[in-house]
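The structure under discussion appears below in the form of structure tokens.
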There are 2 protein chains.
Amino acid sequence: MAKTDNIQEPAVDTTEQRIFEAAREVFTQKGMDGAKMQEIADRAGINKALLHYYYRSKEKLYEMVARAIVGKMLPTIRQLLESEQAFEDKIRGFIDFYIDIIGRNPFIPLFVITEINKHPERFFETILPKDLPRPEVFFSQVEAEVAAGRIRPIAPQHLLVNMISMCIFPFVAKPMIRILLGMSPGEIRLFLEERKREVTAFMLAGLRP
Amino acid sequence: MAKTDNIQEPAVDTTEQRIFEAAREVFTQKGMDGAKMQEIADRAGINKALLHYYYRSKEKLYEMVARAIVGKMLPTIRQLLESEQAFEDKIRGFIDFYIDIIGRNPFIPLFVITEINKHPERFFETILPKDLPRPEVFFSQVEAEVAAGRIRPIAPQHLLVNMISMCIFPFVAKPMIRILLGMSPGEIRLFLEERKREVTAFMLAGLRP
DNA sequence: GCCACATTTTACCAAACGGTTAAATCAAAT
DNA sequence: ATTTGATTTAACCGTTTGGTAAAATGTGGC
């Protein structure tokens, strides 16, 4: 809700942080291969020499940026999955918070997906932290709801993937959807805002016994 | 169902087609920036000189590959959206066929999404054909079902995006989901196969009045 | 004034890469 | 045997790019 829980939040405006922020922008938008060190330097308002003065190599800088992004997303997901709320509240909270975060950082999912697909080894060995979110808590919660007859029988893994898909994909494929549905930039923005309500409604409807 | 309706199907094995096929593989997996002409030549089993002998430039080759991919996907979507089946059959058919095609060409969605995000101008002006699928037929079908009380009230655009999201996203984010759910390569393959049944069930459940 | 550090300037290097050229080789058709 | 087109070889070019070196300049604190 607050603008300050954006993924990027430079505490103070040091040159080092301006560089890092510039690198984050360029890397997320152009990927490792498409990003140029010169452009990062330009966007940070410094020159290439100073860029290498702070960050040794492109590879290292990229890894730091990727780690920062992934390392900030995972705890959020973990928190959403492991929270102790009642089931329906949890679903509502997950969708609400998740769409909110992605709406404010729409480049992140595509960046992570691209990175993981193009350089799996580097991602799993260097970027991904060791302590991953444990969906087990959520899964047993789903199974309990099913057993109690409060929701329709469904495999908890598919339930989770359905929910995540409907939250993330529209942002990842925003321009594609925009064209397919013939929407103006204003209309697609509105459409994506509606999805908080819409996905929640669809999830709960799909789970009715 | 048949292996022959794969998106890649070299009719005869000419050198020109082997090059094109190699380019398709490299471009879809590494993107425009990450792809190297040398690698395309290597994978086609020829040398760089011959590569330029058949295809003038990297840019042109890339555009041809992209056009071929997009040009083959769109008519399929169009057909699925504009078919004249009864509503539930249409939903079933869409999910079934769509997941089937993506399962056999899992690199395509990410390729299209990346291309559209990194080079929107080129995509819309050079690659995307002019005649797009018209979802209006499908939309009025949804509205008719809602009016007749046969499905729960829902905006047809959100319905369509929900369905497409649940079909495509798991393939795009396959390695991510694999790690999150702690699955082996065999398990994730099974999981993705299950989704045909699962997404259909979830869609129909979510639409019950 | 001097020191430590940040920053700029400039020049440079080596490698990678897209693309070209020209001559040589190969193979099948005539 | 000759021609024709496909293919290779190998050298080469210009540009981009990541990265380095070194000297000069700026700047704030002591």
Side-chain angles (χ1 to χ4, degrees), chain A residues 10-69 111 114-115 118-119 121-123 126-127, chain B residues 10-69 111 114-115 118-119 121-123 126-127:
Chain A
V12 282
D13 195 38
T14 73
T15 298
E16 194 173 352
Q17 284 166 342
R18 300 228 328 279
I19 295 177
F20 192 83
E21 181 59 15
R24 198 188 57 81
E25 288 174 23
V26 176
F27 278 135
T28 47
Q29 288 168 28
K30 313 213 165 171
M32 170 65 168
D33 296 317
K36 310 295 167 199
M37 293 298 267
Q38 187 61 58
E39 186 182 349
I40 295 176
D42 289 347
R43 197 174 299 208
I46 51 124
N47 51 36
K48 217 176 50 171
L50 194 60
L51 177 53
H52 282 89
Y53 172 78
Y54 278 108
Y55 298 93
R56 297 254 164 80
S57 71
K58 185 185 185 183
E59 189 90 11
K60 292 284 176 194
L61 180 53
Y62 181 76
E63 280 174 14
M64 290 185 64
V65 168
R67 252 198 297 269
I69 289 175
F111 172 75
T114 306
E115 160 69 25
K118 287 198 191 153
H119 309 281
E121 348 65 49
R122 174 170 64 191
F123 184 82
T126 314
I127 291 168
Chain B
V12 282
D13 195 39
T14 73
T15 298
E16 193 172 353
Q17 285 166 342
R18 298 230 328 280
I19 295 178
F20 192 83
E21 181 59 14
R24 199 188 57 81
E25 289 175 22
V26 176
F27 278 135
T28 48
Q29 288 168 27
K30 312 214 166 172
M32 170 65 169
D33 297 317
K36 311 296 167 196
M37 293 298 269
Q38 186 62 59
E39 186 182 348
I40 295 176
D42 289 346
R43 197 173 299 208
I46 51 121
N47 52 35
K48 217 176 48 172
L50 194 60
L51 178 53
H52 283 89
Y53 172 78
Y54 279 108
Y55 298 93
R56 298 253 165 78
S57 71
K58 185 185 184 183
E59 189 90 11
K60 293 283 177 196
L61 180 53
Y62 182 75
E63 281 173 15
M64 290 186 64
V65 168
R67 252 198 297 270
I69 290 174
F111 172 75
T114 306
E115 160 69 25
K118 286 198 189 154
H119 310 282
E121 346 67 49
R122 174 170 63 194
F123 184 82
T126 313
I127 293 169

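Fair warning: this is a prediction, and the values are worked out from it, not measured in the lab. Letters go in sequence order (proteins before strands), and every chain restarts at 1.
- Summarising the geometry of B/I19 relative to B/L50, their closest heavy-atom pair is CD1-O, 4.3 Å, with the distance given to 0.1 Å.
- Residue B/N47 comes nearest to B/A41 through the heavy atom pair C-CB, 3.8 Å, listed as atom of the first residue, atom of the second, then distance.
- Atom P of nucleotide D/dT16 and atom CG of B/D33 are separated by 15 Å, given to the nearest angstrom.
- Among all heavy-atom pairs drawn from A/I69 and A/R24, the shortest one is CD1-CG, 4.0 Å.
- In this structure, the NZ atom of A/K36 is 17 Å from the P atom of D/dT15, given to the nearest Å.
- Near-neighbour residues of DNA chain C inside residues 46-55 of chain A, defined by a heavy atom below 4.0 Å, number-ordered: A/I46, A/N47, A/A49, A/L50, A/Y53, A/Y54.
- A donor-acceptor pair under 3.5 Å is absent between the side-chain atoms of B/R122 and the main chain of B/I127, judged by distance alone.
- The span of DNA chain C lying next to chain A, judged by atoms under 4.0 Å from heavy atoms, is bounded 5' to 3' by C/dA6 to C/dT9.
- Residue contacts for B/A35: at a heavy-atom cut-off of 4.0 Å it reaches the sugar-phosphate backbone alone, with no base atom in range.
- Classification of the B/Y55-B/F20 ring pair by plane angle, with boundaries at 30° and 60°, yields tilted.
- Residue-to-nucleotide proximity on DNA chain C shows that, of A/T15 and B/R56, the 5′-proximal contact is made by A/T15.
- In this structure, the side chain of B/K58 engages the main chain of B/M32 through a donor-acceptor pair within 3.5 Å.
- Residues A/L51 and A/M37 come closest through the heavy atom pair CD2-O, 3.3 Å.
- By the side chain to side chain donor-acceptor pair (under 3.5 Å) test, B/R43 is found to be paired with B/E25, B/E39, residues two or more places apart in sequence or in another chain being considered.
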